[in-house]
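The block underneath contains the structure these notes are about, expressed in structure tokens.
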Amino acid sequence: MQSYRSSSDVERKFCMLCGSNIEWAMPDLMSDYVAIALASLDDQNVAGEIKVLHRQSSAQWLDAFCVIEDD
């Protein structure tokens with residue numbers, strides 16, 4: 001994985017081979033928190049409860065596994 005700062009607070013990581021977004025974090029503000037791109041996982045059953053934002057652009061299989069809240 002390769003990482004870069006997309007802003008002064010946010011660090012993003014992506015796959016150097018395919019360019020897929022893998023995760024983002026705010027290490028200086030929330031050092032114990034990281035956001036994982038769920039669609040990058042091979043096993044869709046690995047995630048627990050998921051809150052979906054921007055649902056109109058989400059993967060179709062997310063609907064079966066998510067708590068859907070309107071944007």
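In this structure, SG on C15 lies 11.0 Å from CD on Q2, to the nearest 0.5 angstrom. Distance NZ/K13 to CH2/W24: 13.5 Å, rounded to 0.5 Å.
Heavy atoms only, all atoms of each residue included: P27 and D9 are closest at CD-O, 3.9 Å. Contact record, D28 with S8: OD2-O, 4.4 Å, taken as the closest heavy-atom pair. Residue A37 comes nearest to N21 through the heavy atom pair CB-O, 3.4 Å, listed as atom of the first residue, atom of the second, then distance.
Under the 4.5 Å side-chain contact rule for hydrophobic residues, V10 and L29 share a cluster.
The salt bridge (charged side-chain N to carboxylate O under 4.0 Å, His left out) test applied to D32 returns no partner, not counting sequence neighbours. By the salt bridge (charged side-chain N to carboxylate O under 4.0 Å, His left out) test, E11 pairs with no residue at all, sequence neighbours left out.
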